[in-house]
Structures are given as C-alpha cells and as structure tokens.
Amino acid sequence: MKLVPEHMELAFTEAVAAGERGEVPVGAVVVSPAGEVLARAGNRVKELSDPTAHAEILAIRKACRKIGSERLVGCDLFVTLEPCPMCATAISYARIRRLYFAADDEKMGGVHHGPRIFSQPTCHHRTEIYDGLGAERARELLRRFFRDRR
C-alpha cells in the first residue's frame, strides 16, 4: 500500500475532536491492506473513566471487531503521537504491519523512548515504524492543549 496522507489527516481529525472533548488530543486510524479505513478513534480516557482508552487501543479494538479477528495482519496504524508502552505492546499483539506516527513522545513514548517495545527480545511482532509524518503539527496541537489548561 502506498503511503496515503489522508489517513494521517483522519488521525488528526480524531485528535482535534479528542481535544475538544477535553481529552489529550491524540487520534488513530487503522487501515486495511487494501487501503480501507477499518477504524478511527481519539482518546477517551476521561470520558470512559478508563486508563486504557487511548486512541490506538480503541481503534485496534474497533478494527478487530470489524474483521472478526484479534489480529490485524497486513494492516497499518496511523497515530498522531508516538504510542506509549501499553499501546506499542497492543500493536505488536495485533500484528500491525506498519506504524506511522507524527510526534515523538519523550516522556511517555514506548517506541523510540522509554522501553522501546519493538526492540525488546520478548516482543512477539516487530512492526515497521515510520515517524515524523506531521510531527510539528502534532506537537503544536499538544502544546496548545496543555497551555490552555494551565
């Protein structure tokens, strides 16, 4: 599948909507091997009173239900922020083919920072990683969100 920028645009749409709901503005989109959007989600941690309701987890759950499998073999995930360790592990367990993310998360990231889940010898599946796709836009969205809350 060719990298299609509109998939990251959809992730940004979800991130903006999450921010408008008072959630940390992160959005995610799962795309099938054929390029079909299987699921999209934004953070809903506060809304659902669920610390696992990150955009990636919600999108993975929806996509799995849609295809009727716990594995998303051949699927790609577009997300506006580097996944945390929990989400990176879920990405591995779901067998996501490629991960595209915008901004690094130096404090809570689990891909290039922190535990670097995909580099661990115990990692079940190492997804391909493509970062920096809309990084400055994602950083600015997060900066504005947290500045407005102070």
Side-chain angles (χ1 to χ4, degrees), residues 1 3-32 35-67 70-72 75-120 123 125-150:
M1 180 187 87
L3 174 61
V4 182
E6 69 248 23
H7 296 142
M8 188 58 86
E9 278 300 321
L10 290 174
F12 274 108
T13 298
E14 291 294 330
V16 169
E20 290 170 353
R21 290 191 305 272
E23 302 279 356
V24 175
V26 177
V29 175
V30 177
V31 179
S32 76
E36 173 194 1
V37 173
L38 295 175
R40 50 194 279 185
N43 277 353
R44 292 187 180 276
V45 172
K46 290 173 123 182
E47 177 185 336
L48 300 175
S49 300
D50 179 354
T52 70
H54 292 196
E56 302 95 320
I57 298 293
L58 296 173
I60 288 169
R61 287 176 182 163
K62 288 179 188 176
C64 286
R65 281 192 303 270
K66 184 169 185 171
I67 68 168
E70 76 282 8
R71 299 223 171 126
L72 298 170
C75 293
D76 298 335
L77 177 67
F78 292 79
V79 64
T80 58
L81 185 64
E82 176 183 354
C84 73
M86 172 185 68
C87 292
T89 301
I91 290 164
S92 174
Y93 285 164
R95 306 297 195 267
I96 297 284
R97 173 178 56 177
R98 290 185 290 234
L99 167 65
Y100 298 92
F101 69 87
D104 282 332
D105 186 348
E106 295 175 10
K107 291 182 182 178
M108 298 298 292
V111 177
H112 291 321
H113 299 88
R116 299 182 173 152
I117 296 299
F118 302 119
S119 299
Q120 297 302 317
C123 183
H125 169 78
R126 287 173 178 80
T127 188
E128 294 176 37
I129 302 165
Y130 301 91
D131 62 346
L133 188 62
E136 187 52 42
R137 182 177 173 192
R139 283 192 291 271
E140 183 56 31
L141 185 62
L142 289 160
R143 270 194 293 268
R144 272 186 276 134
F145 176 81
F146 287 111
R147 182 187 63 226
D148 292 349
R149 266 129 196 89
R150 292 185 185 141

Next item on the list: Would you please test Glu136 and Arg143 for salt bridge (charged side-chain N to carboxylate O under 4.0 Å, His left out) and show each step?
Entry: CA-CA 10 Å; Glu136 187 52 42; Arg143 270 194 293 268; 2.6 Å; yes
Next item on the list: State, to 0.1 Å, how close Ala59 and Ala39 come at their nearest heavy-atom pair, and which atoms those are.
Entry: O-CB, 3.3 Å
Item checked: Any side-chain heavy-atom pair of Ile60 and Tyr93 under 4.5 Å -> no
Margin query: Restricting to non-hydrogen atoms, name the atom on Arg40 and the atom on Leu10 that form the minimum distance, rounded to 0.1 Å.
Written below: NH1-CD2, 3.2 Å
Check: Looking at CD1 of Ile96 and CG of Asp76, how far apart are the two atoms once the value is rounded to the nearest 0.5 Å?
Finding: 7.5 Å
Notebook entry, point to check: Is the shortest heavy-atom distance from the side chain of Arg61 to the side chain of Thr52 under 4.5 Å?
Noted result: yes
Notebook entry, point to check: For the side chain of Glu106 and the backbone of His113, is there at least one donor-acceptor N/O pair under 3.5 Å apart?
Noted result: no
Next item on the list: Take atom CE of Met86 as the centre, draw a 6.0 Å sphere, and report whether it contains more than 12 heavy atoms from other residues, nucleotides or ligands.
Entry: yes
Checklist line | Pair Arg21-Lys46, side-chain contact (heavy atoms from CB on, under 4.5 Å): steps then yes or no | finding: CA-CA 9 Å; Arg21 290 191 305 272; Lys46 290 173 123 182; over 6 Å; no
Check: Parallel, tilted or perpendicular: which fits the ring planes of Tyr130 and Tyr100, with parallel below 30° and perpendicular above 60°?
Finding: parallel
Check: Does Thr80 reach the main-chain N or O of Phe12 with its side chain, forming a donor-acceptor pair under 3.5 Å?
Finding: no
Next item on the list: Locate the shortest heavy-atom distance separating Gln120 from Arg126; write the atom from each residue and the value.
Entry: O-NH2, 2.6 Å
Item checked: Test side-chain contact (heavy atoms from CB on, under 4.5 Å) applied to Val45 and Glu23, step by step -> CA-CA 7 Å; Val45 172; Glu23 302 279 356; 3.9 Å; yes
Check: Is the shortest distance from a Lys or Arg side-chain nitrogen in Glu140 or Arg137 to a carboxylate oxygen in the other one below 4.0 Å?
Finding: no
Margin query: Determine whether a donor-acceptor pair (N or O, by modelled atom type, separation under 3.5 Å) exists between the side chain of Glu82 and the backbone of Asp105.
Written below: yes
Next item on the list: Applying side-chain contact (heavy atoms from CB on, under 4.5 Å) between Ser32 and each of Ile67, Val37, Leu38, report the one that passes.
Entry: Leu38
Next item on the list: Can you see which heavy atom on Ala11 is nearest to which on Phe78, and at what distance?
Entry: CB-O, 3.9 Å
Check: Hey, is the main chain of Ala18 close enough, under 3.5 Å, to the side chain of Asn43 for a donor-acceptor pair?
Finding: no
Notebook entry, point to check: Which atom pair, heavy atoms only, marks the closest approach of Ala103 to Ala135?
Noted result: CB-O, 3.9 Å
Notebook entry, point to check: Which distance, rounded to the nearest 0.5 Å, do you find between the CZ of Arg139 and the CG of Leu81?
Noted result: 10.5 Å
Check: Who are the ring-ring contact (aromatic ring centres under 6.0 Å, His included) partners of His112, not counting sequence neighbours?
Finding: Phe101
Margin query: Within this structure, what is the CZ-CZ distance for the pair Arg71 and Arg95, rounded to the nearest 0.5 Å?
Written below: 4.0 Å
Notebook entry, point to check: Of all heavy-atom pairs between Pro115 and Gly110, which one has the smallest distance, and what is that distance?
Noted result: CD-CA, 4.2 Å
Margin query: So, taking the atom named CG in Leu58 and the one named CG in Asp50, what distance separates them when rounded to the nearest 0.5 Å?
Written below: 7.5 Å
Item checked: Point-to-point distance, once rounded to the nearest 0.5 Å, from NE2 of His7 to CD of Glu36 -> 9.5 Å
Item checked: Leu77: which of Val31, Leu72, Val30, Thr127 passes side-chain contact (heavy atoms from CB on, under 4.5 Å) -> Val30
Checklist line | Note, Leu142 side chain near Pro25 side chain (heavy atom, < 4.5 Å) | finding: yes
Next item on the list: State the CG-CZ distance between Leu141 and Phe146, to the nearest 0.5 angstrom.
Entry: 10.0 Å
